[in-house]
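Heads up, the thing below is written out as structure tokens.
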Amino acid sequence: MHLESDKEESLNFIEKIIEKDNADGLYSGKVHTRFPPEPNGYLHIGHAKAIFINFETAKKYGGVTNLRFDDTNPTTEKTDYVEAIKKDIHWLGYDWEDRLFFASDNFNALYEYAIILINKGKAYVDFSNAQTMDEEKRAGKDSSFRNSSIEENLMHFQKMKAGDYPDGHCVLRLKIDMNHANRLMRDPVIYRIKRAHHHRTGDSWCIYPMYDWAHGQSDSIEGITHSLCSLEFEHHRPLYDWCQEQIDIPRSKQIEFSRLNLDYTVTSKRKLLELIENDIVIGWDDPRMPTISGMRRRGYTPEGIKNFIQKAGVSKRDQFISLSLLEACIREDLNKKSQRVMVVMDPIKLSLTNVPDNLTHVQVENNPEDPEGGKRDVPFSGTLFIDRQDFAIEANRKWRRLAPDRNVRLKGAFIVHCDDYVCDEAGNVTEVIASIYPDSMSGQDTSGIKAKGTIQWVDANDHTPIMINNYDRLFSHPKPSAQKEEVIDDQGETVSVTVDFKKYINPNSLEVSSAIGERSLADAVENKPYQFLRLGYYCLDKEKNDNKLTFNRTATLKDNWR
RNA sequence: UGGAGUGUAGCCAAGCGGUAAGGCAACGGUUUUUGGUACCGUGUACCGAAGGUUCGAAUCCUUCCACUCCAGCCA
């Protein structure tokens, strides 16, 4: 027997760094993290990992987490996205409480910080055009504006802010090292002129700080101790540290982890937006989308998603996790919560010849995994529908469903014996005729009869028609290394080209079918998970289709039948 | 090309000098009124490769290879 405490819990590499910091008394034992999305799109499963790591790590060490919108580029950001992002984080079960911030809250402070560095001779206004700057950066050559006087720089920077210069006329740059091996350190631009309406500050600014000037300083202002971000920001760390040190503000530590990729799945915001704009999907919350809102609409649960991220783990290796792990985690959670419901996809009539007239319903267990789940009444009569798949004219020994002269249990009801069946001219079965074993009622079976299998059914006269959205993968997207193709260019050279992601879109990702469900589905509730027996997990979609209740398939069941 | 990072079974991931945890997947089996769930069992991982140090290396050193990211007045 293993007790939970017997298991040596292994720390991930971030936790090890934090424990060392705590042991060293670096931040007096405090752990304060932040999740800093840019409000330029919806959150996807990759963000869920960043949210999970920042919130859970802080929680583990008794700290808290801020939500900060990194809104320093007004041309891409929208308030709609802010609201959508907040909703998704809350849905995942995380709360920033009163610690909601915006990088734009710090525009004044950031401006003052820039003045400090200009005064220290560590920043200058550069009037070179973008191309010249690029060439100089590449060559490691100083800009001709690099040695302007502090007074000149101060004056020009103030004029930049005042709107005296047109867009793109000049920028404010840090004076670091034009020969630094890390190109980010070759006098990076920290302010640009951009006359664009900002979703929060409106038109009060025409200069906007760059990411590198806003992020670390915002972390510092908010008292962040550990700035946990994804690996692509690794090269920014020297600059992050340089800025905090030069301005002389409280320090924080940036730690990078690898992003989460799912196989067959695209998460680039740009590409997801393209799917929407090209009407390949309905919107950000299309159930096929890898967004948090898409997963929510599809019926995934926060617990399942978080469990998935937990199991995927935290490291610096490029993660390309198989969908099967996600699905396993979702199923694990759903299995405990879902009400079992009978649904027939392709009905054939099952006539029972000896059902007592006074029998109008049977009681079926809501969820065998839940002892408190209770039972419900399901209409029952001598005329039922069963699924075509559940009847075979010829059956071998392994067949566990209905066949001529064989027994099968009707879920929650009787064991029945197939006496006969009827076919049309084409040889398709149109009706199955059977008789019940009267004393084989589910839960009070005294018949002694054995049935190899159990099938589901629906009363032919008392049921609910429904629509079902069954999803296949939206993409058949391979790993990055496989997304490249060797192509011969104009010069006859073989070059590697990235294949357009649209090539991997599966046009059959959505299959809509009608089915008949048992009557209880007429009262289906949104957000409540259902398991359609042997079909999978489903949830009610807020959209209606032909006035029929529509269900989205959340996950399939493991099916060993073949 | 330059800079940075990463390489442990099909996919993740522990291990950090003493002889390779765990999860998912796969494959068997038991239980079962869902061919579900639960439970039990099954993996010769030559630890990217080649050298070296050591009594002993996935763990240290050297070289090489592969992959990812960056080289925006995006974040």
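Source: prediction; values computed, not measured. Per chain, numbering begins at 1; letters A, B, ... match sequence-line order.
Counting only heavy atoms from C-beta on, A/Ala312 has its side chain closest to B/C12 among B/C16, B/C12, B/A75. Considering only the side chain of A/Glu234, B/G5 comes nearest among B/G5, B/G36, B/C11. When distances are taken from the side chain of A/Ser442 to each of B/G72, B/G36, B/U33, the shortest belongs to B/U33. The side chain of A/Lys484 lies closest to B/U68, out of B/U34, B/A4, B/U68. Side-chain proximity of A/Ala130 to the nucleotides B/G15, B/G23, B/C73 is greatest for B/C73. Nearest to the side chain of A/Ser481, among B/G72, B/A26, B/C67, sits B/C67. When distances run from any side-chain atom of A/Phe233 to the nucleotides B/U33, B/A75, B/U34, the shortest one goes to B/A75. Nearest nucleotide to the A/Lys316 side chain, out of B/U33, B/C24, B/G5: B/G5. Nearest nucleotide to the A/Lys411 side chain, out of B/A25, B/G35, B/U33: B/U33. Nearest nucleotide to the A/His235 side chain, out of B/C74, B/A4, B/C16: B/A4.
A/Arg340 places its CZ atom 8 Å from the C1' atom of B/U34, with the value rounded to the nearest Å. As rounded to whole Å, 14 Å separates atom P of B/G72 from atom CD of A/Glu136. Atom CD1 of A/Ile415 and atom P of B/U33 are 10 Å apart (whole Å). The NE2-P distance, from A/His198 to B/C74, rounds to 14 Å in whole Å. Going from atom NE2 of A/His47 over to atom P of B/A75 covers 14 Å, rounded to whole Å. For A/Leu325 and B/C11, the CG to C1' distance is 8 Å, given to the nearest whole Å. Distance A/Tyr264 OH to B/A25 C1': 12 Å, rounded to the nearest Å. Rounded to whole Å, the distance from CZ on A/Arg186 to P on B/A4 is 12 Å.
Look at B/U44: it lacks any Watson-Crick or wobble partner with both distances under 3.5 angstrom. Base pairing analysis places B/U34 opposite nothing; no Watson-Crick or G-U wobble pair with both distances below 3.5 Å involves it. Nucleotide B/G56 has no partner under the Watson-Crick or G-U criteria, as no pair reaches both atom distances under 3.5 Å. For B/C39, the paired base is B/G29 (Watson-Crick or G-U wobble, both distances below 3.5 Å). In a base pair of the Watson-Crick type (N1 to N3 plus N6-O4 or O6-N4) or a G-U wobble (N1-O2 and O6-N3), with each distance short of 3.5 Å, B/C67 is matched with B/G5. Pairing for B/U19 is absent, judged as Watson-Crick or G-U wobble with the two contacts each under 3.5 Å.
For the pair A/Arg173 and A/Tyr124, the cation-pi test (distance below 6.0 Å, angle within 45°) is failed. At least one test fails for A/Arg68 against the ring of A/Phe101: distance under 6.0 Å to the centre or angle within 45° of the axis.
For B/A75, its base sits under 3.5 Å from the side chain of A/His236 at one donor and acceptor pair at least. For B/G35, the base has a donor-acceptor partner in the side chain of A/Arg401 [N/O atoms by modelled type, under 3.5 angstrom].
Residue A/Met441 is in base contact, counting any heavy-atom pair closer than 4.0 Å across all strands shown. Residue-level contact check: A/Leu533 touches the bases, meaning some heavy atom is under 4.0 Å from a base atom. Residue contacts for A/Glu369: at a heavy-atom cut-off of 4.0 Å it reaches a base atom on one of the strands shown.
With P as the reference atom, B/G15 and B/G48 are 16 Å apart, rounded to whole Å. Comparing the P positions of B/C16 and B/C61 gives a spacing of 16 Å, expressed to the nearest Å. B/C46 and B/A20 are spaced 13 Å apart, taking the P atom of each and rounding to whole Å. B/C47 and B/A9 have their C1' atoms separated by 10 Å, given to the nearest Å. For the P atom pair drawn from B/U34 and B/A14, the interatomic distance equals 39 Å after rounding to whole Å.
Side-chain contact check for A/Arg259 and A/His47: no donor-acceptor pair (N or O, by modelled atom type) lies under 3.5 Å. No side-chain donor from either of A/Ser230 and A/Glu256 sits under 3.5 Å from a side-chain acceptor of the other. For A/Ser252 and A/Gln244, the side-chain atoms include at least one donor-acceptor pair closer than 3.5 Å.
Phosphate contact (OP1/OP2 of B/C74, side-chain N/O of A/Thr75, threshold under 4.0 Å): absent. Phosphate contact (OP1/OP2 of B/C74, side-chain N/O of A/Arg192, threshold under 4.0 Å): present.
Taking 90° from 0 as the syn/anti boundary, the base of B/G72 is oriented syn.
Of the residues A/Arg401, A/Arg406, A/Arg400, the one that meets the salt bridge (Lys or Arg N to Asp or Glu O under 4.0 Å) test with A/Asp390 is A/Arg401.
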Side chain to side chain donor-acceptor pair (under 3.5 Å) assessment of A/Gln531 paired with A/Tyr537: CA-CA 4 Å; A/Gln531 186 191 100; A/Tyr537 296 101; 3.2 Å; yes
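Aromatic ring centres of A/His156 and A/Phe127: separated by under 6.0 Å.
Heavy-atom nearest nucleotides on RNA chain B were determined for A/Ser258 and for A/Ser324, and the one closer to the 5' end corresponds to A/Ser258. Mapping A/Asp263 and A/Ala328 onto RNA chain B via the closest heavy atom, the residue that lands nearer the 5' end is A/Asp263.
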